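Notes follow the structure.
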Amino acid sequence: MPELPEVEHAARTLRRLALGRRIVAVALDARAPRLFRPDGPAAFRRAVLGARLVAVERHGKQLLLTLEAGEAPGRLVGVNAHLGMTGRWTGGPAAPPPTHARASLSLDDGTRLHYDDPRMFGRLRLVPGADFAALPGLAALGPDPVRHGLDAAGLQAGLARTRRPVKVALLDQSLLAGVGNIHAAEACWRARLDPRRRADRLTGAEAAALARGLRATFRFALAKLDGGEVVYIEAGGENPFHVYDRAGARCRHPGCPGTVRRIVQAQRSTYFCPRCQR
DNA sequence: ACCCGTGTTCGCTG
DNA sequence: TCAGCGAACACGGG
């Protein structure tokens with residue numbers, strides 16, 4: 001499920017259910033050791049059992065959980081959580097584990113917190129001392145367009161460093177942290193920008209339109225999440241997006257007679273309207 | 001059976 | 001040296 005808006009939703013869920021709470025029991029799926037790389041599930045259990053969740057932050061698609069160790073108040077342990085392709089956090093009072101619960105945490109107020117992830121592309125990585133800045137992967141992230149803001153000049157400067165197609169460049173987390181395959185396509189559509197255009201050849205006006213498109217598609221998704229709606233593609237769900245997964249449909253820009261097309265870029269589907277996206 | 005998938009990482013190539 | 005590319009990871013749904 002995760003691009004920036006869904007990860008922000010996960011952060012809010014974790015704060016609402018677990019901030020300030022102590023973890024009193026930990027159940028881990030023995031078939032999912034890869035989620036706990038590099039230290040392994042046993043080390044994860046040791047580190048978080050008895051600890052209290054004191055902060056939940058987000059940078060792009062990365063969740064940064066800070067816990068205070070139970071037996072030594074003041075000693076911090078961090079968890080860098082990533083949802084991969086199919087991860088999500090659920091829970092509630094006595095909530096039963098979902099089908100693919102890989103980690104289930106019992107909290108000191110009776111809340112059950114579950115990390116659900118069928119494909120196991122996610123990660124729950126221990127960070128000693130909660131020193132997230134020391135993680136190379138996190139240090140390499142670009143600015144978070146929601147938390148840090150997004151200016152057109154900065155975006156254009158970043159895009160100027162690569163000759164790849166603009167939609168492929170947007171997926172590079174060192175350019176901006178949090179843009180994924182859906183919102184990259186949505187932002188290009190909103191900017192009426194052809195996703196195949198070379199990133200280093202955008203005009204200032206085009207970069208500005210793209211920055212507005214990114215802001216708008218994230219705001220759109222976050223508003224839906226605030227309203228309790230599901231804003232990712234799921235079985236039986238209605239597609240809330242404008243071009244993503246709409247191949248063959250009429251372009252939703254008013255008055256545009258174009259038809260949405262699917263192409264493949266960097267092994268990922270791209271959806272766009274060849275008529276109005278130039 | 002076959003293809004597709006909201007993400008990342010690794011190894012190869014030029 | 002490094003940007004760019006393709007495979008790999010793993011499982012469920014259409």
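Everything numeric here is computed off the predicted structure, so don't read it as measured data. Order of the sequence lines fixes the chain letters, A, B, ..., with proteins taken first and strands second; residue numbering starts at 1 for each chain.
Of the charged side-chain nitrogens involved, none lies within less than 4.0 Å of a carboxylate oxygen, so that A:E186 and A:R190 do not count as a salt-bridged pair. Comment: A:R197 engages A:E206 in a salt bridge, judged by a side-chain N to carboxylate O separation of less than 4.0 angstrom.
Annotation: A:H183 is not in aromatic contact with A:Y244 [ring centroid separation under 6.0 Å not met]. Aromatic rings of A:F132 and A:H59 (six-membered ring for Trp) have centroids beyond the 6.0 Å cut-off, not under it.
Taking atom P on both B:dC4 and C:dG6, the two are 15 Å apart, rounded to the nearest angstrom. When the P atom is used for both C:dA7 and B:dC3, the distance is 14 Å, rounded to whole Å.
Other residues, nucleotides and ligands contribute at most 12 non-hydrogen atoms within 6.0 Å of the CZ atom of A:R163. The number of heavy atoms from other shown groups lying within 6.0 Å of CZ (A:R22) is above 12.
Note on A:T86: every side-chain N or O is 4.0 Å or more away from OP1 and OP2 of C:dC11. For the OP1/OP2 pair of C:dG12 and a distance below 4.0 Å, the side-chain nitrogens and oxygens of A:H100 include at least one atom meeting the criterion.
With a 4.5 Å cut-off on side-chain heavy atoms, A:T162 and A:V168 do not count as touching. The closest side-chain heavy-atom distance from A:L67 to A:I23 is below 4.5 Å.
Counting any heavy atom pair closer than 4.0 Å across all strands shown, A:R37 reaches no nucleic acid atom.
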Any N/O pairs under 3.5 Å between the protein and nucleotides 7-10 of chain B? List them or say none.
{"from": "B:dG7", "atom 1": "OP1", "to": "A:K61", "atom 2": "NZ", "distance (Å)": "2.8"}
{"from": "B:dG7", "atom 1": "OP2", "to": "A:N181", "atom 2": "N", "distance (Å)": "3.1"}
{"from": "B:dG7", "atom 1": "OP2", "to": "A:R268", "atom 2": "NH1", "distance (Å)": "3.4"}
{"from": "B:dG7", "atom 1": "OP2", "to": "A:R268", "atom 2": "NH2", "distance (Å)": "2.9"}
{"from": "B:dT8", "atom 1": "OP1", "to": "A:H82", "atom 2": "NE2", "distance (Å)": "2.8"}
{"from": "B:dT8", "atom 1": "OP2", "to": "A:K61", "atom 2": "NZ", "distance (Å)": "3.0"}

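Look at CZ on A:R164: it is 12 Å from C1' on C:dC2, rounded to the nearest Å. Atom CG of A:D172 and atom P of C:dC2 are 15 Å apart (whole Å).
In this structure, the separation between SG on A:C273 and CZ on A:R278 is 9.0 Å, given to the nearest 0.5 Å.
Nearest-nucleotide mapping onto DNA chain C: of A:R102 and A:R161, the residue sitting toward the 5' end is A:R161.
For DNA chain C, runs of at least 3 consecutive pairs of the Watson-Crick or G-U wobble type, with both hydrogen-bonding distances under 3.5 angstrom, map to B:2-5 with C:11-14, B:7-14 with C:2-9.
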